[in-house]
Amino acid sequence: MINITLPDGSVRQFESGVTAMDVAMSISEGLARNVLSAKVNGKVMDAMRPINADSDVQLLTWNDDEGKATMWHSSAHLMAEAVEQLYPGVKFGIGPDIENGFYYDIDFGDYNISDADFQKIENKMLELAREKQTYNREEVSKSDAKQYFTKKGDEYKLELIDELEDGQITFYKSGSFTDLCRGPHLPDTSPIKAVKVLSLAGAYWRGDEKRKQLTRLYGITFPKKKELDEYLEKLEEAKKRDHRKLGKELELFTFSQNVGQGLPLWLPNGAMVRERLEQFLKKVQKDAGYYPVITPHIGNVNLYKTSGHYDKYGADSFQPIKTPIEGEEFFLKPMNCPHHCEIYKSRPVSYKDLPLRLAEFGTVYRYEQSGELHGLTRVRGFTQDDAHIFCTPGQVKDEFKAVMAIVMKIFKALDFKDFIVQISLRDQEDRSKYIGSDENWDKAERAIMEVAEESGLDTIIEYGEAAFYGPKMDFMVKDALGRKWQLGTIQVDYNLPERFQLEYTGSDNEKHRPVMIHRAPFGSMERFVAVLIEHTSGKFPLWLTPEQAIILPISEKYQKYAEKVLKFLNNSEIRARIDDRSEKTGRKIRDAELKRIPFMLIVGEKEEENNTVSVRKQGEGDLGSFEMQQFVELIEKEIETALDTN
RNA sequence: GCCAUUGUAGCUCAGGGGUAGAGCACUUCCUUGGUAAGGAAGAGGUCAUGAGUUCAAAUCUCAUCAAUGGCUCCA
């Protein structure tokens, strides 16, 4: 007999070889029906795997993330089986579960699959799922595994097997499909009641663009049809918050083929939002001891040879522009740091001048691959809220912390709560991607790790994500569709000061090398505004929004009074306008609501008599009657609360 | 850059080898209306661009450009 400990601490005795499913059955049949897999001593495995020793067992259902993962991974196998039956001879890459569903990378050979095939695949999957196919685990020797896939002619699986150790290889069979797989899987296909093949995309085998491109089929499954419908509806809702859609509707920005791909044109509304963000940060930076600088949009090629950008990115940049007579070459600047280094060098620096903080909203141009461009989040010309802090090695930590405080201040002012702090370090295996000595890198990485530790923020570490000149701390947020984007970034750099031979005179009267901190709290104005649009679905905070209030006269008779109200608001620095169209009030309200104007001031006979305004808040409705000064105070208070970041 | 899909009025979209369609937006007129669409009339398009097939191309073919979903990349 063995002891099985359940999550509530209770212990039950079973014969050795009991399965998690048996355990579930002993509790209730209903529970057993919902079990997808089980966590045994912290490891997720098949509910049908025998347990031979005392163990902690947690039964996993659709309510557990791991349970969902099991279901989706099994669904990937089901989709593969359906595809194999419909298109015999296809070969399979990998088919994992992902955050929302699963995918399978498939080599369809000559067949040109398109989304017209989805329905057919879905129907086949449902048909197979109804057969209640069991997922059978089988341990196989390396040679048997290779023999199976050699016979099948699946070179992708053979490549995967080659990298596995003999004795560690398992197959899972379900219906007519056998896959090389670690598991775990569902007991059988019966929980899969609703399926959707979502999209298809090319995906390089093993993520290597030099290798063959397979077709990646994305899908998702649910135990209930209703849940699938809800999921699809949620996706539709998310699309409504897409910044590209809202950017058009609210007239924030646009693109023109005549200007060029990835080169955003900011419309007046968008420019107003962006300018206010810039003003906000400028004030914060002024208080934090930054000096503004301004540098040109191009720089001599030699500047980038010095910085190392030329070697690293020269071939993948917009190519240099040349002077007609001398033939001198200039790059559109892809970064502001080389220019700022030259500013540092413009005069001798004493340790008393440090930290020197040079800030610039610098527009940079990068040649991004055409397939990568995406609304305002990935563009070819964008403005960084850049600054470079030159300091002594001893000042690095305090400066780094001060920058983090600025990032937090901004996130708080804009109510960004959902962000990930990522520490991006060197690739542990391949160091050829980086410039600078190991010693400098170690110093920089250590500094960031220490600051992160002391900050108490939850951080994740990603190896291989560092910039080529130094490690960084990135602030990541998700967009409406769950895609992750990097916004703010703070980078510690010992390398560029060396390349540019930056120096300061210390108190010992000797020359020393400063350390550079690159930082951009917003990251890029374009990307930040994009994410802000999606997070607020276009309802910008009151202090940012282009129009804070709109005055809606009930009829032309109250136009004069409306003008009086407007004048009062303008004198109080409130951005407002009158909707003087010959439309009914209901219509004016509807249009203002759709334009996300925070406050609607309805004025008619009543208001004119009492010298008041009727206030309606966007998305909330009627707030009642206010005196003008009262309304101004309402707005001022809301802004003050939002910007009170201390 | 690669794979797939798409490109018709300012926007959202229907249509489809034989004279270009709708709703909204826009303009004018009527209406002066109290918390999410008042009414009428009008104007607006080389059907992304270029070539080819055809008596005839917005429609079929090819190329180019751009957009969308991914992959790779991201200083």
Side-chain angles (χ1 to χ4, degrees), chain A residues 103 105 108 112-117 198-218 239 242 244-245 248-249 251 254-258 260-262 304 307-314 316-317 333-338 364-375 377-380 384 386 433 435 465-470 472 481 483 485-486 489 491 493 496 518 524 527 552-559 582-594 600-607 614-624:
Chain A
Y103 67 79
D105 284 349
F108 279 90
N112 213 347
I113 186 135
S114 78
D115 48 15
D117 296 86
L198 292 166
S199 63
L200 94 195
Y204 300 107
W205 172 234
R206 317 217 80 179
D208 184 344
E209 64 178 324
K210 290 182 192 70
R211 305 197 62 178
K212 183 162 174 151
Q213 195 164 50
L214 309 180
T215 303
R216 177 168 296 178
L217 279 181
Y218 285 89
K239 277 186 195 154
D242 191 312
R244 292 165 299 188
K245 183 176 156 64
K248 211 176 259 178
E249 284 173 10
E251 297 181 48
T254 189
F255 290 89
S256 159
Q257 283 194 32
N258 298 324
Q261 240 187 327
Y304 304 104
S307 70
H309 290 95
Y310 183 86
D311 275 351
K312 186 81 186 161
Y313 295 103
D316 301 318
S317 295
K333 74 175 169 188
M335 289 209 76
N336 302 300
C337 36
V364 297
Y365 301 89
R366 297 178 183 175
Y367 174 78
E368 305 285 2
Q369 296 184 51
S370 59
E372 260 316 320
L373 300 172
H374 183 95
T377 48
R378 193 80 187 269
V379 288
R380 284 179 169 171
Q384 295 178 315
D386 212 357
K433 298 190 271 187
I435 59 168
E465 293 294 314
F468 74 95
Y469 49 75
K472 35 180 201 158
L481 290 170
R483 288 174 290 224
W485 298 99
Q486 176 202 310
T489 181
Q491 314 175 354
D493 180 6
L496 285 191
H518 308 240
S524 103
R527 182 177 289 176
L552 312 180
I554 296 285
S555 84
E556 274 168 24
K557 284 186 245 162
Y558 312 105
Q559 175 69 16
S582 158
E583 291 291 350
K584 290 191 165 184
T585 310
R587 176 52 180 273
K588 292 181 182 178
I589 286 171
R590 179 183 153 81
D591 289 344
E593 287 276 350
L594 290 176
M600 286 150 268
L601 306 183
I602 293 133
V603 295
E605 190 180 355
K606 233 173 17 193
E607 288 75 15
S614 249
V615 179
R616 181 189 164 101
K617 194 164 187 186
Q618 202 271 346
E620 288 179 28
D622 197 355
L623 297 188

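Lettering follows sequence order; numbering is per chain, from 1.
- Looking only at side-chain heavy atoms (C-beta outward), D115(A) and L200(A) stay at 4.5 Å or farther from each other.
- Within the nucleic acid shown, A201(A) comes within 4.0 Å of at least one base atom, counting heavy atoms only.
- The distance between atom OH of Y218(A) and atom C1' of rG70(B), rounded to the nearest whole Å, is 5 Å.
- Judged by distance alone, the side chain of R216(A) and the main-chain N or O of D105(A) form no donor-acceptor pair under 3.5 Å.
- Taking K617(A) as the reference, E638(A) meet the side chain to side chain donor-acceptor pair (under 3.5 Å) condition, with sequence neighbours excluded.
- Between E593(A) and R616(A) there is a salt bridge, with a side-chain nitrogen of the basic residue lying less than 4.0 Å from a carboxylate oxygen of the acidic one.
- Comparing rA40(B) with rC24(B), their P atoms are spaced 10 Å from each other, to the whole Å.
- Listed pair H374(A) / rG69(B) meets the phosphate criterion, a side-chain N or O lying under 4.0 Å from OP1 or OP2.
- A donor-acceptor pair is defined here as one N or O able to donate and one able to accept, closer than 3.5 Å; no such pair exists between the side chain of D311(A) and the backbone of G308(A).
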Tabulate atom names and distances for all N/O pairs under 3.5 angstrom spanning the protein and nucleotides 8-11 of chain B.
none

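- Under the ring-ring contact (aromatic ring centres under 6.0 Å, His included) criterion, Y558(A) pairs with no residue, sequence neighbours left out.
- Between L481(A) and E368(A), the residue whose closest nucleotide on RNA chain B is further toward the 5' end is L481(A).
- Y204(A) contributes no side-chain N or O that forms a donor-acceptor pair with the base of rG70(B) under 3.5 Å.
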Below 3.5 Å is the cut-off: list the nitrogen or oxygen pairs between protein and nucleotides 44-50 of chain B, distance only.
none

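- Taking only distance into account, the side chain of E607(A) meets the base of rG34(B) through a donor-acceptor pair shorter than 3.5 Å.
- Taking atom C1' in both rG1(B) and rA57(B), one finds a spacing of 33 Å when rounded to whole Å.
- Applying the 3.5 Å distance criterion, the base of rC2(B) shares a donor-acceptor pair with the side chain of Q213(A).
- Within 4.0 Å of G371(A), counting heavy atoms only, lies at least one base atom of the nucleic acid.
- Taking atom P on both nucleotides, rA63(B) is separated from rC71(B) by 26 Å, rounded to a whole Å.
- When heavy atoms are screened at a 4.0 angstrom cut-off, D208(A) is found touching no nucleic acid atom at all.
- As rounded to the nearest Å, rG17(B) and rC60(B) have P atoms that lie 8 Å from one another.
- As judged by a 4.0 angstrom heavy-atom cut-off over every strand, Q261(A) is placed among residues touching the sugar-phosphate backbone only.
- Judged by atom type and distance alone, S614(A) reaches the base of rU35(B) through a side-chain donor-acceptor pair under 3.5 Å.
- The pair D208(A)-R206(A) does not count as a salt bridge, with every side-chain nitrogen at least 4.0 angstrom from each carboxylate oxygen.
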Worksheet item: For RNA chain B, what string of dots and brackets results from 5' to 3' when Watson-Crick and G-U pairs need both distances under 3.5 Å, crossing pairs get [ ], and pairs with another strand get |?
Response: (((((((..((((....[..)))).(((((.......))))).....(((((..]....))))))))))))....
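- If you measure from atom NZ of K210(A) to atom C1' of rC73(B), you get 11 Å, rounded to the nearest angstrom.
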Each nucleotide N or O in nucleotides 38-43 of chain B that has a protein N or O under 3.5 Å away: list the pair and distance.
from	atom 1	to	atom 2	distance (Å)
rG38(B)	OP1	R587(A)	NH1	3.4
rG38(B)	N7	E583(A)	OE1	3.4

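- Using a 4.5 Å heavy-atom threshold, the side chains of I589(A) and I602(A) count as touching.
- Across all strands shown, E605(A) has heavy atoms under 4.0 Å from base atoms, whether or not it also approaches the sugar-phosphate.
- Using a 4.0 Å heavy-atom criterion, one finds that S307(A) contacts no nucleic acid atom at all.
- Between R244(A) and rU68(B) there is a side-chain polar atom (N or O) within less than 4.0 angstrom of OP1 or OP2.
- A donor-acceptor distance shorter than 3.5 angstrom exists from the side chain of K588(A) to the backbone of P553(A), with no hydrogens or angles considered.
- Side-chain contact between Q491(A) and Y469(A) is present, with heavy atoms from C-beta onward closer than 4.5 Å.
- Of all heavy-atom pairs spanning V379(A) and E368(A), the tightest one is O-CG, 3.4 Å.
- The residue H518(A) sits apart from the nucleic acid: no heavy atom pair falls under 4.0 Å.
- Judged by atom type and distance alone, R378(A) reaches the base of rC73(B) through a side-chain donor-acceptor pair under 3.5 Å.
- Separation of the P atoms belonging to rG7(B) and rU61(B) is 13 Å when rounded to the nearest angstrom.
- R366(A) contributes a side-chain N or O that, together with a main-chain N or O of P334(A), makes up a donor-acceptor pair within less than 3.5 Å.
- Side-chain contact check for H309(A) versus F468(A): some heavy-atom pair is nearer than 4.5 Å.
- S370(A) comes within 4.0 angstrom of a nucleotide base, judged by non-hydrogen atoms across all strands.
- At least one donor-acceptor pair under 3.5 Å links the side chain of E607(A) to the backbone N or O of G604(A).
- Using atom P as the reference point in both rU27(B) and rG44(B), the two lie 15 Å apart (nearest Å).
- In terms of phosphate contacts, R483(A) brings a side-chain nitrogen or oxygen within less than 4.0 Å of OP1 or OP2 of rG70(B).
- Within 4.0 Å of K312(A), counting heavy atoms only, lies no atom of the nucleic acid at all.
- Between rG70(B) and rA9(B), the two C1' atoms lie 32 Å apart (nearest whole Å).
- Here the separation of rA14(B) from rA58(B), taken at their C1' atoms, is 14 Å to the nearest Å.
- Taking atom CG of L623(A) as the reference point, atom P of rU35(B) lies 15 Å away to the nearest angstrom.
- In this structure, R216(A) reaches the sugar-phosphate backbone alone: every heavy-atom distance under 4.0 Å involves primed, P, OP1 or OP2 atoms, never a base.
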